[in-house]
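A short write-up of the structure that comes next.
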There are 2 protein chains.
Amino acid sequence: MQDEILANQLRALGHPVRLSILRILAQRQSDCCCADVTQCLPLAQSTVSQHIKVLLDAGLIARQARGTRNCYVLATDRLNEMNSAFGGLSELLLQPVEAKKDSAGVA
Amino acid sequence: MQDEILANQLRALGHPVRLSILRILAQRQSDCCCADVTQCLPLAQSTVSQHIKVLLDAGLIARQARGTRNCYVLATDRLNEMNSAFGGLSELLLQPVEAKKDSAGVA
DNA sequence: GTCCTTCATCGTCATTTAACGATATAGGCG
DNA sequence: CGCCTATATCGTTAAATGACGATGAAGGAC
């Protein structure tokens, strides 16, 4: 289901460490490898690698093999899609609240 | 931390059933009690109640005692906040990609 | 007061997650 | 070829999650 995918992406975002990782990637977006990320966090390399995997599986980041290093970049396409999906969701959720403030359809 | 809160809210959204619950609340936003939600889902009442609790704890919905019923409504304020926060996050994340396409600052 | 409905909470169980250390693989360098 | 570095994966463990049935408490209705 669509919801499954969206939920999976939201769940992937739903951890402070993973938010941090995304921010780290956003800041130094080029040539950011696992070791770089690990250096910014108080966690073991294997743990960081695991979090990276969650983000990878959710499609929120992409891997770029670079010699012996694996560099990661934000999957901006997917993030954009997700942004749209989330925008659509929140629009849907928030819609009834506004009670069609100025809906032109009313006679 | 701010991230803790945001992550918690995202995690609360990160389950298909909870997305469904939010949609259900959005559709028939008034007088929607636990039984109503349960009727829309193939889950036990206690399970639905648990999911509702997660959404409550994340502040995404609010409870309104109504006699023997507890009615739930979307916490639109919080959802709006979250929408902003998410927008801000995605803006931050997506920013480097656009490479300031038309930033006026450039001579 | 008694009964009935609604629902949150409790206890349980299986699954998943988060964290770690250890390890094996893959690629560059001498 | 042999070594080193980088990192993904494995195995483990504790804790969290998701699901359920049962139960107890709160609040009408008669």
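What you see below is based on every heavy atom in this structure, not just the backbone, and it leaves out hydrogens, waters and symmetry mates. All values derive from a computational prediction rather than experimental measurement. Letters A, B, ... mirror the listed sequences (proteins, then strands); counts begin at 1.
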Would you tell me if any nitrogen or oxygen in the side chain of A:His51 comes within less than 4.0 Å of OP1 or OP2 on C:dA19?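 Yes.
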Think B:Arg11 has a side-chain N or O under 4.0 angstrom from the OP1 or OP2 of C:dT17?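 No, outside the criterion.
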Do the side chains of B:Val54 and B:Leu56 join up, straight or via other hydrophobic residues, at under 4.5 Å, putting them in one cluster? no
Starting at atom [atom1] of [X], determine the distance to atom [atom2] of [N], rounded to an integer number of angstrom.
{"X": "A:Leu41", "N": "C:dA19", "atom1": "CG", "atom2": "P", "answer": "10 Å"}
{"X": "B:Asp36", "N": "C:dC7", "atom1": "CG", "atom2": "P", "answer": "7 Å"}
{"X": "A:Gln50", "N": "C:dT16", "atom1": "CD", "atom2": "C1'", "answer": "11 Å"}
{"X": "A:Asn70", "N": "C:dT25", "atom1": "CG", "atom2": "P", "answer": "16 Å"}
{"X": "A:Gln45", "N": "C:dT25", "atom1": "CD", "atom2": "C1'", "answer": "13 Å"}
{"X": "A:Leu43", "N": "C:dA19", "atom1": "CG", "atom2": "P", "answer": "6 Å"}

Checking the side chain of [X] only, and the main-chain atoms of [Y] only, is there a donor and an acceptor separated by less than 3.5 Å?
{"X": "A:Arg18", "Y": "A:Ala12", "result": "yes"}
{"X": "A:Ser49", "Y": "A:Gln45", "result": "no"}
{"X": "A:Asn8", "Y": "A:Glu4", "result": "no"}

Both A:Arg66 and A:Val54 contact DNA chain C. Taking the nearest nucleotide for each, which residue is further toward the 5' end? A:Val54
Which comes earlier along DNA chain C counting from the 5' end, the contact point of A:Gly67 or that of A:Val48, where each point is its nearest nucleotide? A:Val48
How many angstroms lie between atom CG of A:Leu55 and atom CG of A:Leu60, to the nearest 0.5 angstrom? 6.0 Å
Can you tell me how far NE2 of B:His51 sits from OG of B:Ser46, rounded to the nearest 0.5 angstrom?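 Between B:Ser46 OG and B:His51 NE2, I get 10.0 Å after rounding to 0.5 Å.
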DNA chain D: 5'-most and 3'-most nucleotides touching chain B, 4.0 angstrom heavy-atom criterion: D:dT17 to D:dG28
Any N or O donor-acceptor pair under 3.5 Å from the base of C:dG21 to the side chain of A:Ser46? yes
Salt-bridge contact A:Asp3-B:Arg23 (side-chain N to carboxylate O under 4.0 Å): yes
